[in-house]
Chemist: 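One structure follows; several queries about it will come next.
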Amino acid sequence: MYGLEPVINFGKIKDNMANTDGGYSFVTNPDKKIRDTYLDLFQRACTSRQDPLSRKGRWDWQAVLKSLKKEELFRQFLGLAMYTTCGQLPRWPDLLSVWCENGEFAERGIYAYGRSLVYVVRHHKAKRSTNREFIVARFLPAEVAQLVYIYCVDIRGFVNLLDRERGLSDRSTGGSSPLLFRANTTAGSKPWQNQ
């Protein structure tokens with residue numbers, strides 16, 4: 001996207017898997033300053049020679065919407081890659097419920113572990129009878145992990161910023177949906193529909 005080719009070293013990503021604070025993820029970890037790298041993508045998008053998002057200090061809304069459509073296509077590809085490349089296939093609704101960051105009611109489902117990215121799916125089907133949830137951790141292959149990293153670190157913040165500028169999310173809280181596969185960026189968004 002806009003010529004962004006980040007150098008990713010998974011060995012240097014810091015994550016605290018035990019941290020359940022709201023809004024926390026490996027992106028917001030204070031030990032590593034990757035929280036605001038989406039601003040580089042934003043600057044490239046606004047100053048691009050081809051389809052810049054702003055012209056003469058004003059938003060080009062057609063270019064913004066085109067960029068948001070590209071992001072949605074990227075997420076569709078990402079969902080398919082996560083669905084098919086990690087061994088036994090997860091249930092599609094479980095994959096759609098993965099969170100990028102800790103929320104008020106649930107923990108995130110994407111973690112940095114060692115030199116890998118992992119996504120965790122929690123099954124609650126037998127919880128009533130066993131009082132335990134079933135947890136499955138899937139390690140992403142390197143290529144898919146790079147795509148998930150780029151999405152979580154750069155593209156997601158970029159899209160949240162565009163939606164704040166469009167007036168679709170609350171500027172005071174900066175709140176957005178913690179879902180990876182969200183229907184829209186606003187807090188409280190539902191996951192994509194099962195189709």
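Along the sequence shown, residues carry numbers from 1.
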Chemist: L147: what forms a side-chain contact (heavy atoms from CB on, under 4.5 Å) with it, not counting sequence neighbours?
Modeler: F74, F77, L78

Chemist: Would you name the heavy atoms of Y151 and R75 that are closest together and state the gap between them?
Modeler: OH-CD, 3.1 Å

Chemist: Below 3.5 Å, can you tabulate the donor-acceptor pairs from side chains in residues 46-53 to any protein atom, sequence neighbours excluded?
Modeler:
{"unit_1": "T47", "atom_1": "OG1", "unit_2": "Q43", "atom_2": "O", "d": "2.7"}
{"unit_1": "S48", "atom_1": "OG", "unit_2": "Q50", "atom_2": "N", "d": "3.2"}
{"unit_1": "S48", "atom_1": "OG", "unit_2": "Q50", "atom_2": "O", "d": "2.9"}
{"unit_1": "D51", "atom_1": "OD2", "unit_2": "K66", "atom_2": "NZ", "d": "2.8"}

Chemist: State the CD1-NZ distance between I155 and K70, to the nearest 0.5 angstrom.
Modeler: 11.0 Å

Chemist: Output the distance between atom CG (D163) and atom CG (L68), rounded to the nearest 0.5 Å.
Modeler: 6.0 Å

Chemist: Testing the basics here: between T28 and G23, what is the closest heavy-atom pair and its distance to 0.1 Å?
Modeler: OG1-O, 3.4 Å

Chemist: Considering residues at least two apart in sequence or located in another chain, which fulfil the side-chain contact (heavy atoms from CB on, under 4.5 Å) criterion with A112?
Modeler: I13, D15, F26, L117

Chemist: With heavy-atom distances below 4.5 Å as the criterion, would you say the side chains of L161 and R164 are in contact?
Modeler: yes

Chemist: What is the distance from atom CG of N19 to atom OH of Y24, rounded to the nearest 0.5 Å?
Modeler: 5.5 Å

Chemist: Is there side-chain contact between F181 and M82, with heavy atoms separated by less than 4.5 Å?
Modeler: yes

Chemist: Would you say that R138 contacts V121 through its side chain, given a criterion of any heavy-atom pair below 4.5 Å between the two side chains?
Modeler: yes

Chemist: May I ask whether M17 and F10 are part of the same hydrophobic cluster, defined by side-chain heavy atoms of I, L, V, M, F, W, Y residues being less than 4.5 angstrom apart, directly or through others?
Modeler: no

Chemist: For a 4.5 angstrom cut-off between non-hydrogen side-chain atoms, does I150 reach I8?
Modeler: yes

Chemist: Spell out, yes or no, whether Y111 and I135 are grouped together once hydrophobic residues are joined by side-chain heavy atoms under 4.5 Å, including indirect joins.
Modeler: yes

Chemist: Please report the interatomic distance CG(D60) to OG(S54), rounded to the nearest 0.5 Å.
Modeler: 8.5 Å

Chemist: Identify, with sequence neighbours excluded, every residue that meets side-chain hydrogen bond (donor to acceptor under 3.5 Å, both in side chains) alongside D40.
Modeler: none

Chemist: Flag the pair C152 / C100 as yes when at least one side-chain heavy-atom distance between them is below 4.5 Å, and no otherwise.
Modeler: yes

Chemist: Any side-chain heavy atom of V120 sitting closer than 4.5 Å to one from R108?
Modeler: no

Chemist: Check C86 against L140 and note the closest heavy-atom contact, atom names and distance.
Modeler: SG-CD2, 3.5 Å

Chemist: Applying side-chain contact (heavy atoms from CB on, under 4.5 Å), can you list everything that pairs with F139, at least two apart in sequence or on another chain?
Modeler: Y113, S116, V118

Chemist: Regarding D154 and Y149, is there a side-chain donor-to-acceptor distance under 3.5 Å anywhere?
Modeler: no

Chemist: Mind listing the closest non-hydrogen atom pair of R156 and L179 along with its distance?
Modeler: NH1-O, 3.0 Å

Chemist: Any chance you could lay out the side-chain contact (heavy atoms from CB on, under 4.5 Å) test for Y38 and V159, step after step, and finish with the verdict?
Modeler: CA-CA 9 Å; Y38 71 92; V159 168; over 6 Å; no

Chemist: State, to 0.1 Å, how close W61 and E165 come at their nearest heavy-atom pair, and which atoms those are.
Modeler: CH2-O, 3.9 Å

Chemist: In the single-linkage hydrophobic clustering (I, L, V, M, F, W, Y; side-chain heavy atoms under 4.5 Å), do L80 and V144 co-cluster?
Modeler: no

Chemist: For Y83, check side-chain contact (heavy atoms from CB on, under 4.5 Å) against everything at least two apart and list the hits.
Modeler: L89, P90, W92, L95

Chemist: Working to the nearest 0.5 angstrom, can you tell me the gap between S177 OG and E101 CD?
Modeler: 8.5 Å

